[in-house]
A.B. asks: 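Here it is, the structure, as structure tokens.
Computed from a predicted structure; not experimentally measured. Below, chains carry the letters A, B, ... as their sequence lines are ordered, and counting in each starts from 1.
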Amino acid sequence: MGTLSAAVCERRPLVVLLGPTASGKSRVAVQVAKRFGTEVLTADSRQAYRGMDLGTDKPTMEERRGVPHRLIDLADPDQTFNTGWYRQAALAEIARLYAERQLPFVVGGTGLYIRTLVRGLCPAPQSDPLVRAELMRFAREQGRDRLYAQLVEIDPDSAARLHPNDEAKVLRALEVHRLAGQPLSAIHRLHAFQDAPFSTLLIGLSRLKEPLYRRIEERIDWQLAHGMVEETRSLLDRGYGRHLGALKGLGYRQVAAYLAGECDYEEMVRRFKRDTRHFAKRQMTWFRKEPGIQWISVDEGESPEGTVDRVVRLIERFLDSLEGMMSSDLGQQTTLGEESA
RNA sequence: GCCGAGGUAGCUCAGUUGGCAGAGCACAGCCCUGAAAAGGCUGGUGUCGACAGUUCGAUUCUGUCCCUCGGCA
């Protein structure tokens with residue numbers, strides 16, 4: 001049975017808990033979800049893959065403590081999970097929760113997924129394997145510069161924005177042009193992340209760099225001690241090759257290189273930790289630019305319960321503000337999150 | 001103690017036939033609209049071990065000393 005009033009539910013509230021890897025989101029999230037009698041909607045591009053559990057730091061059944069976790073285990077490692085797929089699945093879960101009068105509570109660190117959930121995804125056509133394969137072959141045979149030259153020709157605005165070496169994005173822009181018959185930059189211009197389908201509260205969990213990096217290393221040591229190498233080996237044995245996007249994720253990539261004899265164990269650990277630190281840094285760069293995040297900085301001494309309380313208070317205040325809104329405010333994005341930004 | 005090799009960026013090292021020192025990694029900053037844990041861009045002043053000599057000029061050549069690592073004692 002849900003906890004949202006009809007009035008609040010109509011305003012389509014959406015609460016997001018985000019932060020860099022190893023900031024402690026998952027643990028806090030379970031407690032927060034419990035307090036509001038709701039579920040956890042994961043926003044994590046890697047936890048979407050089945051059979052990739054340890055390496056993606058999926059909470060165990062025990063850790064979930066009876067709180068349903070959604071949007072994980074949606075795809076097999078040889079499928080290409082992506083932003084569009086995620087968004088569609090997430091919107092379906094959110095609609096279901098509203099029907100049950102429950103608060104949608106999104107938790108994760110994949111910045112793009114969160115952004116497209118909160119501000120929409122431009123209506124460009126989804127990726128087409130055939131077109132993509134053809135473009136990749138062109139790039140391989142003719143070189144990146146020739147690929148980029150094509151983009152300069154058909155979509156100079158996108159080309160100006162992208163570096164010739166950024167093959168993945170150059171490829172995508174060419175793909176869209178071919179499928180949609182118009183440049184990606186034109187589609188972006190119309191969209192510009194202007195959708196606001198929800199009244200959103202964004203809560204960010206931050207930690208100082210040093211303690212965060214230490215937590216990252218500790219988690220990796222734990223993962224390796226609890227079967228990370230075996231999990232990777234088992235994926236490879238089942239025929240999921242290293243070229244797959246899923247196997248290019250943190251940890252799996254480094255362990256696979258080690259299993260292939262490309263480096264020794266110690267070097268693998270070093271790279272795993274280093275690349276994860278770099279990733280956390282990139283996440284923070286992304287989140288810093290994201291408007292409206294209300295940051296909670298967690299210091300080392302704080303208990304998880306303390307953090308939970310702070311998050312709960314923010315959410316209660318947010319829900320109260322929605323309760324008090326006139327119906328004419330419907331559809332407007334709340335600015336609660338920007339007050340202390 | 002003797003012989004050999006070496007002391008240059010946080011680390012590993014390159015280099016300057018004498019002219020304001022440069023790579024990789026680490027680290028830092030940034031970009032991102034269906035691959036996003038992916039992909040991409042940018043950032044190098046450090047008593048060139050110390051002191052003295054030669055020189056217009058020494059991190060580079062010479063001498064002495066200090067330190068590190070091998071080998072022999």
A.B. asks: Is a side-chain donor-acceptor pair under 3.5 Å present for A:Thr110 with A:Asp44?
C.D. replies: no
A.B. asks: Looking at A:Arg146, A:Arg132, A:Arg144, A:Arg172, which hits salt bridge (Lys or Arg N to Asp or Glu O under 4.0 Å) with A:Glu167?
C.D. replies: A:Arg144
A.B. asks: Name the pairing partner of B:rG46, where a pair is Watson-Crick or G-U wobble with both distances under 3.5 Å, or state none.
C.D. replies: none
A.B. asks: Could you list the donor-acceptor pairs under 3.5 angstrom formed between side-chain atoms of residues 201-210 of chain A and any protein atom two or more places apart in sequence or on another chain?
C.D. replies:
| unit_1 | atom_1 | unit_2 | atom_2 | d |
| --- | --- | --- | --- | --- |
| A:Arg207 | NE | A:Ser23 | O | 2.9 |
| A:Arg207 | NH2 | A:Ser23 | O | 3.3 |

A.B. asks: For RNA chain B, find the residues of residues 241-270 of chain A with a heavy-atom distance under 4.0 Å and give them by number; none if there aren't any.
C.D. replies: A:Lys248, A:Gly249, A:Leu250, A:Arg253, A:Arg270
A.B. asks: Rounded to whole angstrom, note down the C1' distance from B:rG43 over to B:rA9.
C.D. replies: 14 Å
A.B. asks: For B:rA37, does the base pair up with any side-chain atom of A:Asp44 as donor and acceptor (N or O, under 3.5 Å, distance only)?
C.D. replies: yes
A.B. asks: Please classify B:rG34 as syn or anti, treating any glycosidic angle within 90° of 0 as syn.
C.D. replies: syn
A.B. asks: Return the pairing partner of B:rC13 with a 3.5 Å limit on both distances, Watson-Crick or G-U wobble; otherwise return none.
C.D. replies: B:rG22
A.B. asks: Roughly how many Å apart are B:rG46 and B:rA21, using the P atom of each and rounding to a whole number?
C.D. replies: 12 Å
A.B. asks: Who passes salt bridge (Lys or Arg N to Asp or Glu O under 4.0 Å) against A:Arg274, sequence neighbours left out?
C.D. replies: none
A.B. asks: When rounded to the nearest Å, what value does the distance between P atoms of B:rG71 and B:rU16 take?
C.D. replies: 30 Å
A.B. asks: When we call it a touch if two heavy atoms are under 4.0 Å apart, what does A:Thr110 touch: a base, just sugar-phosphate, or nothing?
C.D. replies: sugar-phosphate
A.B. asks: Quick one: do the A:Gln47 and A:Thr56 side chains pair a donor with an acceptor below 3.5 Å?
C.D. replies: no
A.B. asks: For A:Thr307 and A:Arg27, test the side chains for any donor-to-acceptor distance below 3.5 angstrom and give the result as yes or no.
C.D. replies: no
A.B. asks: State plainly whether the residues A:Glu39 and A:Lys34 are in salt-bridge range, i.e. N to O under 4.0 Å.
C.D. replies: no
A.B. asks: Between A:Tyr258 and A:Tyr265, does the ring centroid distance fall short of 6.0 Å?
C.D. replies: yes
A.B. asks: Can the positive tip of A:Arg288 be found less than 6.0 Å from the middle of the six-membered ring of A:Trp295, inside 45° of the ring normal?
C.D. replies: no
A.B. asks: Count the heavy atoms belonging to other residues, nucleotides or ligands that lie under 6.0 Å from CZ of A:Arg65, then report whether that count exceeds 12.
C.D. replies: no
A.B. asks: Rounded to whole Å, how long is the line connecting atom CZ of A:Phe81 with atom P of B:rA36?
C.D. replies: 8 Å
A.B. asks: Ignoring backbone atoms, test whether A:Asn165 places a side-chain nitrogen or oxygen under 4.0 Å from the OP1 or OP2 oxygen of B:rC41.
C.D. replies: yes
A.B. asks: Within residues 127-140 of chain A, which residues have any heavy atom lying less than 4.0 Å from an atom of RNA chain B?
C.D. replies: A:Ser127, A:Arg132
A.B. asks: Distance only, no hydrogens: is a donor on one side chain within 3.5 Å (strictly under) of an acceptor on the other, for A:Ser127 and A:Glu175?
C.D. replies: yes
A.B. asks: Treating primed atoms plus P, OP1 and OP2 as sugar-phosphate and everything else as base, which nucleotides of nucleotides 27-33 of chain B get B, S or - for protein heavy atoms under 4.0 Å?
C.D. replies: SBBBBBB
A.B. asks: Taking ILVMFWY side chains as joined if any heavy atoms are under 4.5 angstrom apart, and letting links pass through other members, which residues group with A:Ile187?
C.D. replies: A:Val176, A:Leu184
A.B. asks: What interatomic distance, in whole Å, is found between C1' of B:rG7 and the corresponding atom of B:rC51?
C.D. replies: 16 Å
A.B. asks: Specify the separation, in whole Å, of atom CD1 of A:Ile216 and atom P of B:rA26.
C.D. replies: 15 Å
A.B. asks: Report which part of the nucleic acid A:Thr276 touches: base, sugar-phosphate, or nothing (heavy-atom distance under 4.0 Å, all strands).
C.D. replies: nothing
